[in-house]
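Every chain is numbered from 1, with letters handed out A, B, ... down the list of sequences.
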Amino acid sequence: MTSLLSNLNPQQLEAITLPHQSVLVLAGAGSGKTRVLTTRIAYLIQSGQANPHGILAVTFTNKAAKEMLTRITAMLPVNPRGMWVGTFHGLCHRMLRTHYQDAGLPQAFQILDSADQLALIKRILKDLSADEKKFPPRQVQWFINNAKEAGLRAAYVTVEDAYSRRMLEFYQTYEQQCQKEGAVDFAELLLRSYELLSRNEVLCQHYRERFQHILVDEFQDTNPLQYKWLKLLAGTGTKNAAAVFAVGDDDQSIYAFRGAYSGNMRDFEHDFGITRVIKLEQNYRSHGHILDAANALIENNSERLGKNLWTAEGKGELLRVYNAPNDFDEAAFIVGEVKALHAEGVALSEIALLYRSNAQSRVLEHSLFNAAIPYRVYGGMRFFDRQEIKHALAYLRLIANPGDDSALLRVINFPARGIGARGLEQLQDDAKTLGGSLWAAAVQKCGGEDSLLQKSPESLKGIAGFVHLILTMRQYCHALPLPHIVEYMLTHSALLAHYGKEREGAERLENLNELINAATSFVHEAENDSLAEFLAHASLEAGEHQAGSGQDALQLMTVHAAKGLEFHSVFLSGLEEGLFPHENSLSEINGIAEERRLMYVAMTRARRRLYISFAQSRMLHGQTRYHIASRFLDEIPQNCLKWLQSTPRMNQSTYASNSGNQAAGFAKTAYGQPKSSGGEWRIGQNVSHAKFGDGVIINYEGSGSDARVQVNFDHAGAKWLLLEYTKLTAL
DNA sequence: TGGGCATTGGTTTTT
DNA sequence: CCAATGCCCA
């Protein structure tokens with residue numbers, strides 16, 4: 001116990017050792033939030049106030065859940081088995097699987113991810129012959145999810161105008177279709193689970209008695225439905241209500257656009273009768289100037305719960321601000337500074353390059369690539385989102401639940417087996433008349449399962465061939481271990497053969513084989529290794545963005561993606577009005593405040609050094625746009641800032657400090673010794689580049705620091721290179 | 001049935 | 001500008 005509670009500050013200690021009561025912990029950035037959360041759990045168990053069975057801890061991401069579990073396991077000698085630790089969706093899913101009958105779901109119900117949901121909506125819109133111009137599928141999706149997140153079934157949505165009436169019609173049809181197919185989308189997991197608990201007194205009571213301790217991470221990100229779910233589960237107001245340990249930071253609420261409602265923190269205080277709010281304000285991450293700047297910035301927001309970060313460490317370096325003439329130059333500046341930092345011994349993985357929107361990464365990547373600096377971009381396609389994986393999963397879904405129309409439509413003719421649009425239309429009509437699934441219609445069309453299975457597969461074409469395929473798969477896979485099912489499916493569906501002969505199919509083949517590995521490790525790790533459970537896992541846990549390449553690399557990501565992370569040095573780029581704050585936020589209610597919190601999150605990622613840069617002009621949507629510096633820069637006290645200036649010369653530019661008082665160890669940095677000494681590049685000259693190899697100069701433009709040459713490389717093709725930062729050798 | 005070409009739109013994102 | 005979708009043709 002002593003070791004568990006050592007090295008905690010008074011507020012952390014108070015939070016961790018609080019008696020059985022609900023509490024709101026306002027945990028600032030870098031204040032040891034996760035430590036408090038996990039230590040609280042360990043403390044409850046070790047002090048005998050709770051056993052693992054009685055604890056439920058909920059987070060937003062699988063990553064956070066995993067992290068929490070790992071840390072608890074490290075702290076406790078006991079196996080945390082019995083504890084419920086997971087995401088809202090994961091826990092709700094668990095509940096629905098256990099009580100699928102009470103929840104009105106088929107045992108083999110499937111989870112739709114956003115892409116699956118969108119596909120289903122598109123199908124419905126087509127079915128109802130809706131004008132996709134007037135009712136964009138994405139908007140319909142938004143409407144449905146919004147309603148669900150407000151806890152509203154179609155029957156309870158009130159509409160006035162014709163437009164919403166049509167939307168509601170889509171929602172209704174969507175609900176019916178989901179029920180028919182046994183499909184459950186993300187919001188549905190929560191809503192169903194909520195309805196299950198609110199309708200089933202006995203069940204609700206059971207869980208209430210069991211989970212006497214509920215811990216919530218990132219509480220400011222909860223949406224109204226999640227909050228209602230928590231309230232219901234905790235049994236607020238009842239005699240043996242659970243103690244809810246809610247940890248959050250209203251200043252880091254940056255997901256309002258997807259339904260998060262940080263007002264839940266205030267409601268929580270009220271609804272749960274919170275008498276004391278514990279504030280964790282001591283920051284263990286950043287140096288003083290960074291915190292001073294962030295505090296000053298966020299002061300500009302009203303309606304805060306109120307919090308001021310401080311550190312026991314020194315002030316540290318000033319924030320470095322760079323005013324670039326254009327986005328190119330901004331990128332070049334960053335590249336130069338990254339090089340210098342790296343040369344000073346800072347690992348590239350300890351340096352982050354943050355931006356407001358993904359589009360900004362292009363220029364940065366370009367410069368980094370030319371400078372041969374390894375980097376890694378976060379975000380983008382995840383494993384289970386890939387087309388080939390989706391196809392494979394569709395086959396698996398059909399094995400688990402042939403009533404899954406969405407899955408059937410996805411693969412009935414993939415790989416192509418000669419089923420055209422007319423055949424499909426016919427099938428859909430049949431299904432409609434039968435009132436059953438597409439699968440049922442297909443089976444009937446082929447004269448029933450039994451007669452079909454007796455025929456030789458070679459003789460069957462088109463729909464019959466497909467039905468036979470799925471039937472044999474089901475039969476064959478019945479008792480097979482999961483990885484074998486996957487392997488069998490990949491071969492017999494001919495997915496492997498298909499991608500094997502596709503030109504760019506190598507990577508897809510690799511991914512499909514990776515799916516077998518995923519199944520193998522799932523079998524090893526999961527308690528329940530059924531096919532249905534694996535499919536749920538695939539939907540709920542889309543997999544890490546990319547396998548870490550292992551190499552030390554610079555970290556590129558949006559500010560949103562950086563939440564929760566920290567780095568030695570952070571570059572915050574594109575601090576321009578219109579970009580950050582984003583122009584769209586100007587017309588949104590409390591839009592600027594949210595952008596400001598985003599800025600706050602970005603700044604507090606840095607431990608030691610923070611760069612902020614903006615460009616006077618930048619290429620956006622194919623046009624040069626001119627912006628002024630972001631208002632957020634004005635909100636940072638000048639005495640926290642050091643303005644770096646570019647002083648372009650003939651052939652080189654130097655970024656020098658005007659404060660004359662540089663932080664220890666970092667000398668003025670001069671950029672790229674341009675050109676070969678004395679030599680001018682000329683068109684037709686043969687040159688060599690470290691990365692692209694040999695080539696010949698075919699064009700030239702710009703001058704001074706803007707000078708670029710176009711080189712036609714023997715292998716890499718034609719590329720524009722900024723002379724100032726590219727090392728070319730004359731041949 | 002897929003590939004090529006035109007059109008269109010373009011914050012942030014986890015589950 | 002560039003990617004993603006949609007549509008048409010071979």
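Ring geometry for Tyr255(A) versus Phe257(A): interplanar angle of 30 to 60°, hence tilted. In this structure, Tyr395(A) and Phe466(A) have tilted ring planes: the angle between them lies in the 30° to 60° band. Classification of the Phe580(A)-Phe632(A) ring pair by plane angle, with boundaries at 30° and 60°, yields perpendicular.
By the 5.5 angstrom centroid cut-off and the 30-degree plane limit, His582(A) is classified as stacked against the base of dT11(B).
Here the two rings, on His537(A) and Phe522(A), have centers that are under 6.0 Å apart. Checked against the 6.0 Å centroid threshold, Phe186(A) and His93(A) do not count as a close aromatic pair. Within the 6.0 Å centre-distance limit, the rings of Phe268(A) and Phe219(A) are counted as a close aromatic pair. Taking the ring centroids of Phe135(A) and Phe170(A), they lie under the 6.0 Å cut-off.
The closest donor-acceptor contact from the side chain of Ser539(A) to the backbone of Ile111(A) lies under 3.5 Å.
For Asn358(A), the side-chain atoms get nearest to dT13(B) when compared with the rest of dT15(B), dT11(B), dT13(B). Here dG2(B) is the nucleotide among dT15(B), dG2(B), dT13(B) with the atom lying nearest to any side-chain atom of Ala416(A). Distance from the side chain of Ala561(A) is smallest to dT13(B) among dT15(B), dT11(B), dT13(B).
Taking only distance into account, the side chain of Ser114(A) meets the base of dT15(B) through a donor-acceptor pair shorter than 3.5 Å.
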Margin query: What does the B/S/- profile of nucleotides 1-10 of chain C look like, 5' to 3', with a 4.0 Å heavy-atom cutoff to protein?
Written below: BSS-------
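Within the 4.0 angstrom heavy-atom criterion, base atoms lie near Glu588(A). Using a 4.0 Å heavy-atom cutoff across all strands shown, Asn413(A) reaches sugar-phosphate atoms only and no base atom. Contacts of Glu149(A) with the nucleic acid, taken as non-hydrogen atoms under 4.0 Å apart, are absent. Residue-level contact check: Asp185(A) touches neither bases nor backbone, having no heavy atom under 4.0 Å from any strand.
Rounded to a whole Å, the CD atom of Gln226(A) is 13 Å from the C1' atom of dT13(B). Between the CD atom of Gln141(A) and the C1' atom of dT15(B) there is a distance of 12 Å, given to the nearest Å. Across the protein-nucleic acid pair, Gln117(A) atom CD and dT13(B) atom C1' stand 14 Å apart, rounded to whole Å. Atom P of nucleotide dT13(B) and atom CE of Met557(A) are separated by 11 Å, given to the nearest angstrom. Rounded to a whole Å, the CZ atom of Phe60(A) is 16 Å from the P atom of dT13(B). Between Arg94(A) atom CZ and dT15(B) atom P the separation is 18 Å, expressed in whole Å. Atoms CZ (Arg422(A)) and P (dT1(B)) sit 8 Å apart, rounded to a whole Å. The separation between Phe257(A) atom CZ and dT13(B) atom P is 7 Å, rounded to whole Å.
Using a 4.0 Å cut-off between a side-chain N of Lys or Arg and a carboxylate O of Asp or Glu, Arg597(A) and Asp251(A) do not qualify as a salt bridge.
Atom P of dT5(C) sits at a distance of 15 Å from the matching atom of dT12(B), rounded to the whole Å. dA4(C) and dT13(B) have their P atoms separated by 15 Å, with the value rounded to a whole Å.
Look at Thr558(A) and you'll find a side-chain N or O under 4.0 angstrom from OP1 or OP2 of dT13(B). For Asn584(A) and dT12(B), the shortest distance from a side-chain N or O to OP1 or OP2 is not below 4.0 Å. Contact between the side-chain N/O atoms of Arg258(A) and the OP1/OP2 oxygens of dT11(B) is not found at any separation under 4.0 Å.
Between Phe414(A) and Tyr255(A), the one whose closest nucleotide on DNA chain B sits nearer the 5' end is Phe414(A). Heavy-atom nearest nucleotides on DNA chain B were determined for Arg417(A) and for Glu594(A), and the one closer to the 5' end corresponds to Arg417(A).
Nucleotide dT11(B) carries a syn base; the chi torsion (O4'-C1'-N9-C4 or O4'-C1'-N1-C2) is within 90° of 0.
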